[in-house]
Amino acid sequence: MAAASSSSSLRCHLILVLVGICVLGVCSEGNYNSSPHLVKGLSWSFYKNSCPRVESIIRRHLKKVFDKDIGNAAALLRLHFHDCFVQGCDASVLLDGSASGPSEQDAPPNLSLRAAAFQIVDDLRQLVDQECGTVVSCADIVAIAARDSVHLSGGVDYDVPLGRRDGLDFASRNATIANLPSPATNASTLIKFLATKNLDATDLVALSGGHTIGLSHCSSFTRRLYPTQDPTMEENFADDLKQICPALNTNATTVLDIRTPNRFDNKYYVDLVNRQGLFTSDQDLYSYKKTRSIVKSFAEDEALFYEKFVHAMLKMGQLGVLTGNKGEIRANCSVRNSDNVQLKTVVEEDKESAAEL
């Protein structure tokens, strides 16, 4: 009887522990919620009344897109990063250039953004509008698509606060370059840069885990190979890269994570521990003493990586957001409403119809 009572108590204790874990937002299905403070104007249920199915509409479409080409997951995740870091998560990276200057897309760090990512966002804009009208911002569509890119490529699922509005202007070329560090940047410099965005060393290492999926052009890393090989690069890994990129100016691509290139997991950090990080900005996270232990902990514990990644993404996803009456909800993600000829035509037609009545 004593043994049975002890066993029953143990089961009850385990159940309480598991319930407690789920309450904290970490459950067996791999759904994580690690919530930093929300910026005023953002909400976990922003479209509850105006567009309750927005997230399911986006996820359903992205499942079809990724079934055809999983490479688009990395492209959409990168688009969110490049939007948020420049002048905040305001979808300014989607804007075409104008008489005031070239767009953010024309700045060197953005030239390798996949064209398909922009088209996918436009397609999502149309699908959401068909259901709800133009009430969901392009910035929120990009944020949701980034989350779904992580989850649908095998990674963690998590809630995204919504209510961002779209910016009215794009950043200058110089501002874009200054806010998107190159792959040759070392960890010390990256930590200082992210501190200006209120992101810390753990956030840096966690966000860098986005490189567990996707491709890179040779030009982003060949200076680690030629004329002198970077001594931090593992020999066999370097030899394989030289086969793909036999010269500095080779126009080819290779995977960012050699172990599971199409799956969002923690193997990127295993790459770094084995000196198989592709960029200087990757490998130096392991070489640098202030981030080395974080890399090792993520390589050993995927659940810990997911927890810290979600937390960092939620922080990054609130950088410089416009809410309330600031900005606008673009009808066409690549054009400000004031420059949208098609939108002006619709407005004029509505005015004429109202006058006739």
Backbone N or O of Thr280 within a donor-acceptor pair of the Asp284 side chain at under 3.5 Å?
-> no
With the side chain counted from C-beta on, respond yes when Ser334 and Asp96 share a heavy-atom pair under 4.5 Å apart, and no when they do not.
-> yes
Is a donor on one side and an acceptor on the other found under 3.5 Å between the side chain of Gln87 and the backbone of Asp169?
-> yes
Main-chain N/O of Val205 paired with Tyr269 side-chain donor or acceptor, under 3.5 Å | yes
What is the distance from atom CZ of Arg330 to atom CZ of Arg125, rounded to the nearest 0.5 Å?
-> 9.5 Å
Shortest non-hydrogen pair, Ile329 vs Ser137, comes out as CD1-CB, 3.7 Å
Which pairs, with at least one residue in residues 315-326 and sequence neighbours excluded, count as a side-chain hydrogen bond (donor to acceptor under 3.5 Å, both in side chains)?
-> Asp203-Lys315
Rounded distance [0.5 Å steps], CD1 in Ile141 versus CD1 in Ile120 | 12.5 Å
Write out all pairs satisfying salt bridge (charged side-chain N to carboxylate O under 4.0 Å, His left out) with one or both partners inside residues 228-243, taking only residues at least two apart or from two chains.
-> Arg224-Asp230
Worked verdict on Ser112 versus Arg78 for side-chain hydrogen bond (donor to acceptor under 3.5 Å, both in side chains) = CA-CA 10 Å; Ser112 58; Arg78 188 169 177 232; 2.9 Å; yes
Is the side chain of Arg164 donor-acceptor paired with the backbone N or O of Gly317 at a distance under 3.5 Å, no angle test?
-> yes
Scan for side-chain hydrogen bond (donor to acceptor under 3.5 Å, both in side chains) pairs involving residues 244-257, sequence neighbours excluded, and state none if there are none.
-> Thr212-Asp257, Asp257-Thr260
What pair of heavy atoms forms the shortest contact from Arg275 to Met233, and how long is it?
-> NH2-O, 3.3 Å
Taking side chain as C-beta onward, heavy atoms only, is Val86 less than 4.5 Å from Val93?
-> no
Co-membership, hydrophobic cluster, residues Val39 and Leu162, 4.5 Å side-chain | no
How about Ser281 and Leu190: do any of their side-chain heavy atoms sit closer than 4.5 Å?
-> yes
What is the distance from atom CG of Asp200 to atom CG of Leu204, rounded to the nearest 0.5 Å?
-> 9.0 Å
Disulfide bond (SG atoms under 2.5 Å apart) contacts in which one or both residues fall within residues 277-335, not counting sequence neighbours = Cys138-Cys333
Asp123 and Gln119 side chains, donor-acceptor separation under 3.5 Å | yes
Determine whether Leu113 and Phe118 make a side-chain contact, defined as any pair of heavy atoms from C-beta on separated by less than 4.5 Å.
-> yes
Are there more than 12 heavy atoms of other residues, nucleotides or ligands under 6.0 Å from atom CG of Asn198?
-> no
Decide side-chain contact (heavy atoms from CB on, under 4.5 Å) for Tyr286 and Thr232; before the verdict, give the C-alpha distance in whole Å, the side-chain angles of both, and the deciding distance to 0.1 Å.
-> CA-CA 10 Å; Tyr286 186 67; Thr232 66; over 6 Å; no
Of all residues at least two apart in sequence or in a different chain, which pass the side-chain hydrogen bond (donor to acceptor under 3.5 Å, both in side chains) check with Arg114?
-> Asp69, Asn72
Nearest heavy-atom neighbours spanning Arg60 and Arg53 | NH2-NH2, 3.0 Å
Please lay out, stage by stage, how Leu94 and Asp83 fare under the test side-chain contact (heavy atoms from CB on, under 4.5 Å).
-> CA-CA 8 Å; Leu94 304 179; Asp83 181 36; over 6 Å; no
To the nearest 0.5 Å, what is the distance between OG (Ser208) and CZ (Phe309)?
-> 10.0 Å
Please answer whether the main-chain N or O of Ala175 pairs with a side-chain N or O of Asn179 as donor and acceptor at a distance below 3.5 Å.
-> yes
Restricting to pairs with a member in residues 148-263, which pass disulfide bond (SG atoms under 2.5 Å apart), not counting sequence neighbours?
-> Cys218-Cys245
Evaluation steps, side-chain contact (heavy atoms from CB on, under 4.5 Å), between Val54 and Phe46 = CA-CA 11 Å; Val54 58; Phe46 189 83; over 6 Å; no
Would you find a donor on one side and an acceptor on the other, under 3.5 Å apart, between the side chain of Arg336 and the backbone of Leu168?
-> yes
Nearest heavy-atom approach of Ser216 to Ser220 is OG-CB, 3.5 Å
Test item: Arg147 side-chain N/O and Tyr158 main-chain N/O as donor-acceptor pair under 3.5 Å = yes
So Phe264 and Tyr306, would you call those rings parallel, tilted or perpendicular, with 30° and 60° as cut-offs?
-> parallel
Nearest non-hydrogen partners of Pro102 and Phe170, listed with the distance = O-CE1, 3.1 Å
Salt-bridge test for Asp148 and Lys63: reply yes if a basic N is under 4.0 Å from a carboxylate O, no otherwise.
-> no
The reported gap from CG in Asp271 to CG in Leu256 (rounded to nearest 0.5 angstrom) is 9.5 Å
Distance in Å, Leu207 CG paired with His311 NE2, rounded so as to fall on 0.5 Å steps | 10.5 Å
What's the verdict on side-chain hydrogen bond (donor to acceptor under 3.5 Å, both in side chains) for Asp90 and Ser92, showing C-alpha distance, side-chain angles and the deciding distance?
-> CA-CA 5 Å; Asp90 64 349; Ser92 59; 2.8 Å; yes
With the 4.5 Å side-chain cut-off for hydrophobic clustering, are Leu42 and Met313 part of the same group?
-> no
Measure from the side-chain N and O atoms of Asn110 to the backbone N and O of Glu104, and report whether any donor-acceptor pair falls under 3.5 Å.
-> yes
Val255 reachable from Ile213 in the ILVMFWY side-chain graph, under 4.5 Å edges | no
Would Tyr288 and Ser188 satisfy side-chain contact (heavy atoms from CB on, under 4.5 Å), going step by step from the backbone distance to the final call?
-> CA-CA 8 Å; Tyr288 190 51; Ser188 175; 3.8 Å; yes
Less than 4.5 Å apart, any side-chain heavy atom of Leu62 and any of Leu76?
-> yes
Would you confirm whether Gln283, through its side chain, and Leu272, through its main-chain N or O, come within 3.5 Å as a donor-acceptor pair?
-> yes
Carboxylate-amine/guanidinium contact Arg59 Asp157, below 4.0 Å | yes
Would you say Ile258 and Val270 are hydrophobically clustered, going by side-chain heavy atoms of ILVMFWY under 4.5 Å?
-> no
Decide whether Val321 and Val310 are clustered together by the hydrophobic rule: side chain heavy atoms of Ile, Leu, Val, Met, Phe, Trp, Tyr closer than 4.5 Å, transitively.
-> no
Once the angle between the rings of Phe221 and Phe279 is folded into 0 to 90°, is it parallel (under 30°), tilted (30 to 60°) or perpendicular (over 60°)?
-> tilted
Check whether any side-chain heavy atom of Ser43 sits under 4.5 Å from a side-chain heavy atom of Leu38, and report yes or no.
-> no
Do you know which two heavy atoms are closest between Ala143 and Val160, and how far apart they sit?
-> CB-CG1, 4.2 Å
